[in-house]
Amino acid sequence: MDIRLAERVFYFEESQTLEMAKKARELSAQGVRVINLSLGEPDFATPQYISDAAKNAIDAGFTKYAPVAGFLDLRQAISDKFKRDNNLNYAANQIVVSTGAKHSLMNVILALINPGDEVIIPNPYWVSYSEMVKLASGIPVFIPSNVSANYKASASAIEAAITPKTKMFLFSSPCNPSGSVFSREELNEIANVFAKYPNIYIVSDEIYEHINFVSKHESIGQFEAIANRVITVNGVAKAFAMTGWRIGYMGAPEFIAKACEKIQGQFTSGANSIAQRAALEALTGPMTSTKTMTAEYLSRRNLVLKRLEEFKEVKTNIPEGAFYVFPDFSYYIGKTLKGKEIRSTRDLCYYLLQEAHVSMVSGEAFGNPECIRISYSLNNEDLNYAFDNIKAALNP
Ligand code: PMP
Ligand code: GLU
């Protein structure tokens, strides 16, 4: 890296999800059929009525700067959604709409984290959490877990990680990359821990809320003892197949929402006005498309689990939501495949991209270097083709 750059560029990593997706695109630009299991992105088109709302918004003149925190009717619709679906009480003035949930997370981390503050993050975690905390000069503190615990951190393990420097607890449920879902009881236990520590803020990333195969979604902010310290982050990307529209949002205590609005006002201003009108349609419209897509993800999950059974040396968890599976491929570390030494799951991912034309992301990026994250938001034919190729490449 070029030393003329500012130091902050050195102390966080490039997003490996985006890096692998880029490598897959480069290979496919050479005419190779590449199956991209690296990027967590629905393969479905945005439902037509949502796209129509955006077209209508252009014609209706929604082409000017939007208010920094988002259009008031959208913030009201988000406030209603939080109440209706999640039993959360955030008034419209406690909502900030941003350029994707990623942006919402960065805003809240910048708003709360001082240099040296610790942020507790259950491992495995979504790739950007740790790097965002480092960007804010905070210290990520990871809680290990393993496949036999379905990659879920216990309330006691979380409590053991708390120190006087802890400022935030940051997690996702359903979880990216494991697909694990915290039950209401588990969240209640975690809430009971934080009830004892009034200076810690809880950031709950619920972007996979609707992609849940086992239960009704539960939010940690519903528990009264901590409700006034919970920041709930969500967005339209996954539930409505709207990744490219870039609309995310948060509900937060008012002083945090105001701070995020201030930060956003100097960075990016209001999120895209047309996409905000489309998001309003998504959040107030029927959930039929979301339900159809979720049923499809479940059937794909089952296909992927079935295909993984063919790999006797690979241990896997059973994801309960989202569209990822996080199997342990450590058996292959230290092996030589087609003359290539595999020293890590990262090497294995590069090898499988070259040999099997399948792109996946090493678990390193999610805090567990023994695993590989497989995003299965693709059709059955592509998934089967990918697994046929992986099998051939691992048994050369
Ligand atoms: N949180 C998690 C857990 C994610 O997987 C993602 C990736 N989409 C995001 C946040 C960011 O979502 P968005 O595309 O809305 O920025
Ligand atoms: N969240 C998706 C993923 O985990 C998109 C990539 C990203 O934003 O990093 O793959």
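All ligand and atom numbering here is 1-based and tracks the order in the structure. One is the number of the first residue; the rest follow in order along the sequence.
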Numbering as shown, the atoms of ligand 1 that approach [X] to under 4.0 Å (heavy-atom distance):
X: Y208; answer: 3 (C), 4 (C), 5 (O)
X: I207; answer: 1 (N), 2 (C), 3 (C), 4 (C), 12 (O), 15 (O)
X: G100; answer: 15 (O), 16 (O)
X: N176; answer: 3 (C), 4 (C), 5 (O)

(message) Check K152 with E189, please: is the shortest side-chain N to carboxylate O separation under 4.0 Å?
(response)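 Salt bridge: no.
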(request) Inspect the contact between D73 and R277 and indicate whether a charged nitrogen and a carboxylate oxygen are less than 4.0 angstrom apart. (result)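 Yes.
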Counting non-hydrogen protein atoms only, what is the nearest one to [atom]? Give residue, atom name and distance.
atom: atom 3 (C) of ligand 1; result: D205 OD2, 3.3 Å
atom: atom 9 (O) of ligand 2; result: T17 OG1, 2.7 Å
atom: atom 15 (O) of ligand 1; result: A101 N, 2.8 Å
atom: atom 9 (C) of ligand 1; result: W126 CH2, 3.3 Å

(request) Output the list of atoms in ligand 2 that are nearer than 4.0 Å to some heavy atom of L18, sorted by atom number. (result)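 By the 4.0 Å cutoff, the relevant atoms are 6 (C), 7 (C), 9 (O).
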Do [X] and [Y] come close enough that some side-chain heavy atom pair is under 4.5 Å?
X: F326; Y: C175; answer: no
X: Y249; Y: L283; answer: yes
X: E355; Y: I390; answer: no
X: D80; Y: Q76; answer: yes

(request) Answer yes or no for T243: is there a heavy-atom contact with ligand 1 below 4.0 Å? (result)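 Checking ligand 1 against T243, which is what was asked, there is no heavy-atom contact under 4.0 Å.
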Under 3.5 Å, is there a donor on one side chain and an acceptor on the other for [X] and [Y]?
X: E218; Y: Q222; value: yes
X: E209; Y: N234; value: yes
X: Y65; Y: S269; value: no

(message) Please check whether G40 reaches ligand 2 - meaning an N/O of the residue sits under 3.5 Å from an N/O of the ligand, judged on distance alone.
(response)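 In this structure, G40 places an N or O atom under 3.5 Å from an N or O of ligand 2.
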(message) With nothing but distance in play, are any N or O atoms of N176 less than 3.5 Å from an N or O of ligand 2?
(response)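 So ligand 2 has an N or O lying under 3.5 Å from an N or O of N176.
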(message) Can you tell me which portion of R246 lies within the under-4.0 Å heavy-atom range of ligand 1? Options are side chain, backbone, both, or neither.
(response)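 Just the side chain.
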(request) Determine whether the side chain, the backbone, both or neither of A237 has a heavy atom under 4.0 Å from any heavy atom of ligand 1. (result)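 Near ligand 1, A237 shows its side chain, while the N, CA, C and O stay back.
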(request) Of the side chain and backbone of K102, name the one, both, or neither that has a heavy atom under 4.0 Å from an atom of ligand 2. (result)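 The answer is the side chain.
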(message) Once you restrict to heavy atoms under 4.0 Å, what part of F323 touches ligand 2? Side chain, backbone, both or neither.
(response)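 F323 to ligand 2: no contact under 4.0 Å from either part.
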Do any heavy atoms of [X] fall under 4.0 Å from ligand 2?
X: S15; answer: yes
X: K238; answer: yes
X: R373; answer: yes

(message) Would you say CZ of R8 has more than 12 non-hydrogen atoms from neighbouring residues, nucleotides or ligands within 6.0 angstrom?
(response)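 Result for CZ/R8: open.
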(request) Taking atom NZ of K22 as the centre, report whether more than 12 heavy atoms of other residues, nucleotides or ligands fall under 6.0 Å from it. (result)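 Count not over threshold, so no.
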Return yes or no for this condition: an N or O of [X] is under 3.5 Å from an N or O of ligand 1.
X: K238; answer: yes
X: I247; answer: no
X: T99; answer: no
X: K102; answer: yes

(message) Can you list everything that forms a side-chain contact (heavy atoms from CB on, under 4.5 Å) with E118? Sequence neighbours excluded, please.
(response)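 Scan of E118 (side-chain contact (heavy atoms from CB on, under 4.5 Å), adjacent residues dropped) gives I139, V141, T163, K165, T166.
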(request) List in chain and number order the residues that pass side chain to side chain donor-acceptor pair (under 3.5 Å) with R307, two or more places apart in sequence or in another chain; answer none if no residue qualifies. (result)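 Side chain to side chain donor-acceptor pair (under 3.5 Å) check on R307 returns E310, N384, D388.
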(request) Would you please classify the geometry between the F171 ring and the F169 ring as parallel, tilted or perpendicular, with 30° and 60° separating the classes? (result)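 Aromatic pair F169/F171 classed parallel.
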